[in-house]
Amino acid sequence: TTNDNNSNKINVEEDSASPSSDDAADDTIIGNASMEHQTLLEARYDHSAKMCRVGYAGLYFARSSFTPYIPLLLAAKGFAPDEIGWLAAALPASLIFILPPLSYLADRTRKGNVFAIGAMLLTSLLVLALDISDTMAVVGTIAVANAIAMTPVASLQDQHCMALIPQSKKTEWGQHRVFGAYGWGIGAPLASLVLSHFGWGFMWIQYLLGHLAACYAIFSTRSTATGAATKKRYRDVLMLVLQNPRMCLFLFCTCMLGTGYILVVSFLFLYLQEELHAPELLLGISVTCTVVVEVPLFRASAKIHERFSDKTLICIAMVGWAIRVWGYSLLQNPWHVLFLEPLHGLSFGLMWLSGVHYMSTNFPKDLSASAFGFIHTTAFGVGPMIGNVLGGHLYKEYGPRMMYRAAGTVMLCACGLFLVVDAWLMRRAAAAEEEGVDESAAGEESPRHAEVESELPSHPRRHRQVVVT
């Protein structure tokens, strides 16, 4: 029996020797390629950082002239609030069903920059067509098509920028993303002035110029951001998320914040104009106020990540949002909304800092586009689709004040649920780890342990140590 066992061990050792050398060679090649790529990123970082900032500023300068005003544009075309909610749900729906496979395709082909540039040019043309169309059926069709065209832009912009940052400086991402807040803060009041003096058509010029700047930034850094294409299947990417309960729970929180985000974007301006008779100038100023807190948060991203966990940051974001919308429900003077809008920076800024950091550190490097695709899908896909449909119904049936009060209460309950369940998952994982350690210690004393280990797939080096023992 002893001889048979020894021969089995020798056979296993011989079988594992060849894969061992192949794996070591592959690891060496991948490691060398990664080191060369990091050296390239370091050498070109000054130029890449400038282009990241140009890209973010341009993209959100463009979006500030359209996204906050979609409900007003659709209302001017004759759509009712509940119809606006259904149309506005087209973008979240496309994020759910189109963005994850498209992000995977970007990882598979490493053509994310081509997808982003093409999408930005297409949506610019569709917004122009949306403005000049008058028939409700045509307007609705173009709005849905534009939502699909906008789907990958923000996610691929985030992925492209993160790919340009060396590993040692990943926590500085927020210092580049803050230029998106600058673009949004400058573009929103400019768009409101253009709307009040010249109409919807001239707002399209701002939309086009911002996208052209973002396209230039991506095109000029396309060679630096390239990396190894993934060989994983799409099913493997999905299982990576579904088999991680804490990641699913974190994405649940981003989904809730996405629901809240769209309740503000889709219905706040309608509420301010219809019930409080707010002037158009106030709408633009209110958007600018949303970045007052967002800017310093993004600029201090590295220090924030040093002091706070992603879990703490997203909980603060949820509480900040609940306070904000409860304040909306108490407004009597429309100008008082300016005191509440800085809370957007707290809720959105901390959600995005924690989300980007969490997903980028928990996903493999060759799935960077997929990582950002999932966070965008939950925050701007699943959540907003629920928020648009449910919010449109609540707005119509119970009014905006009750809608915001109910939403704020639900957000606080979701935050408490997250803390309780996440703590339970942490305790369960710790208990499982202790059991694994105990079983391992007991196995070392068992004469059968080496034989069992020889039958299990393990790293070749670790296997050889067991055989020797």
Side-chain angles (χ1 to χ4, degrees), residues 60 63-96 123 127 130 136 139-140 142-144 146-148 150-151 154 184 188 191-192 195 200 203 254-276 278 280 282-284 286-287 290 321-322 324-329 331 334 337 340-341 343-344 347-348 351 376 378-408 410-411:
Y60 288 96
R63 292 204 162 189
S64 66
S65 68
F66 179 68
T67 304
Y69 301 96
I70 292 176
L72 297 181
L73 176 59
L74 294 177
K77 300 289 185 179
F79 289 90
D82 56 337
E83 294 170 333
I84 293 172
W86 281 104
L87 280 176
L91 177 58
S94 63
L95 283 167
I96 295 171
T123 185
V127 168
L130 185 66
M136 290 184 66
V139 170
I142 296 174
V144 173
N146 182 64
I148 296 173
M150 292 174 64
T151 296
W184 185 275
S192 66
L195 175 61
W200 295 102
M203 292 176 67
T254 62
C255 177
M256 291 298 301
L257 284 166
T259 303
Y261 170 80
I262 209 65
L263 289 178
V264 175
V265 171
S266 295
F267 302 107
L268 177 61
F269 283 5
L270 286 176
Y271 167 46
L272 293 177
Q273 282 203 322
E274 291 182 354
E275 293 215 2
L276 302 177
E280 291 175 347
L282 172 60
L283 304 183
S286 69
V287 175
T290 61
W321 187 88
R324 179 187 179 192
V325 296
W326 263 92
Y328 289 162
S329 71
L331 287 177
V337 75
L340 296 170
E341 289 308 84
L343 288 172
H344 167 82
S347 57
F348 178 82
M351 177 198 76
H376 276 266
T378 54
F380 304 121
V382 179
M385 186 175 69
I386 297 171
N388 272 318
V389 176
L390 187 60
H393 174 73
L394 293 175
Y395 190 104
K396 183 177 180 180
E397 296 296 328
Y398 303 102
R401 296 182 186 274
M402 287 301 299
M403 178 190 73
Y404 283 127
R405 288 172 188 169
V410 171
M411 185 68 74

Inset, instruction - For the pair Tyr404 (side chain) and Leu268 (backbone), establish whether a donor and an acceptor sit closer than 3.5 Å, ignoring hydrogens and angles. - result: yes

Inset, instruction - Measure up the His344 and Tyr261 rings against each other and bin them: parallel (under 30°), tilted (30 to 60°), perpendicular (over 60°). - result: tilted

Legend entry - All side-chain contact (heavy atoms from CB on, under 4.5 Å) counterparts of Ser286, not counting sequence neighbours: Phe269, Val337, Leu338, Glu341

Inset, instruction - Quick one: do Val264 and Arg324 satisfy side-chain contact (heavy atoms from CB on, under 4.5 Å)? Show the steps, please. - result: CA-CA 10 Å; Val264 175; Arg324 179 187 179 192; 3.4 Å; yes

Inset, instruction - For Ala191 and Ser65, work out which heavy atoms get closest and say how close. - result: CB-CA, 3.7 Å

Legend entry - Contacts of type side-chain hydrogen bond (donor to acceptor under 3.5 Å, both in side chains), residue Tyr69, not counting sequence neighbours: none

Legend entry - Between CG on residue Leu283 and OG on residue Ser192, distance to nearest 0.5 Å: 7.5 Å

Inset, instruction - Look at the side chain of Trp321 and the backbone N and O of Gly260, then say whether any donor-acceptor pair between them is shorter than 3.5 Å. - result: yes

Legend entry - Step-by-step side-chain contact (heavy atoms from CB on, under 4.5 Å) determination, Leu270 to Leu72: CA-CA 7 Å; Leu270 286 176; Leu72 297 181; 4.3 Å; yes

Legend entry - Pairwise distance NZ(Lys396) to CE(Met403) - rounded to 0.5 angstrom: 15.0 Å

Legend entry - Heavy-atom closest pair, residues Pro400 and Tyr395: CB-CE1, 3.5 Å

Inset, instruction - Give the minimum heavy-atom separation between Gly258 and Pro384, together with the two atoms involved. - result: O-CG, 3.6 Å

Inset, instruction - With sequence neighbours left out, write down each residue that passes salt bridge (charged side-chain N to carboxylate O under 4.0 Å, His left out) with Glu275, or none if nothing qualifies. - result: Arg401

Legend entry - Leu263 to Ala407 - nearest heavy-atom pair and separation: CD1-CB, 3.6 Å

Legend entry - Approximate separation, where rounding is to 0.5 Å, of Tyr328 OH and Phe267 CZ: 13.5 Å

Legend entry - Separation of Thr259 OG1 from Asn388 CG (nearest 0.5 Å): 9.5 Å

Inset, instruction - Not counting sequence neighbours, which residues clear side-chain contact (heavy atoms from CB on, under 4.5 Å) with Ala143? List them please. - result: Leu130

Inset, instruction - Please report the closest heavy-atom contact between Met136 and Gly78, naming both atoms and the distance. - result: CE-O, 3.6 Å

Inset, instruction - Please name all residues satisfying side-chain hydrogen bond (donor to acceptor under 3.5 Å, both in side chains) with Thr378, sequence neighbours left out, ordered by chain then number. - result: Thr254

Inset, instruction - List for me each residue that meets ring-ring contact (aromatic ring centres under 6.0 Å, His included) alongside Tyr60, sequence neighbours excluded, and say none if there are none. - result: none

Inset, instruction - Supply the atom-to-atom distance Leu257 CG to Phe380 CZ, rounded to the nearest 0.5 angstrom. - result: 9.5 Å

Legend entry - Asn146 versus Phe66, closest heavy-atom pair with distance: ND2-CE2, 3.5 Å

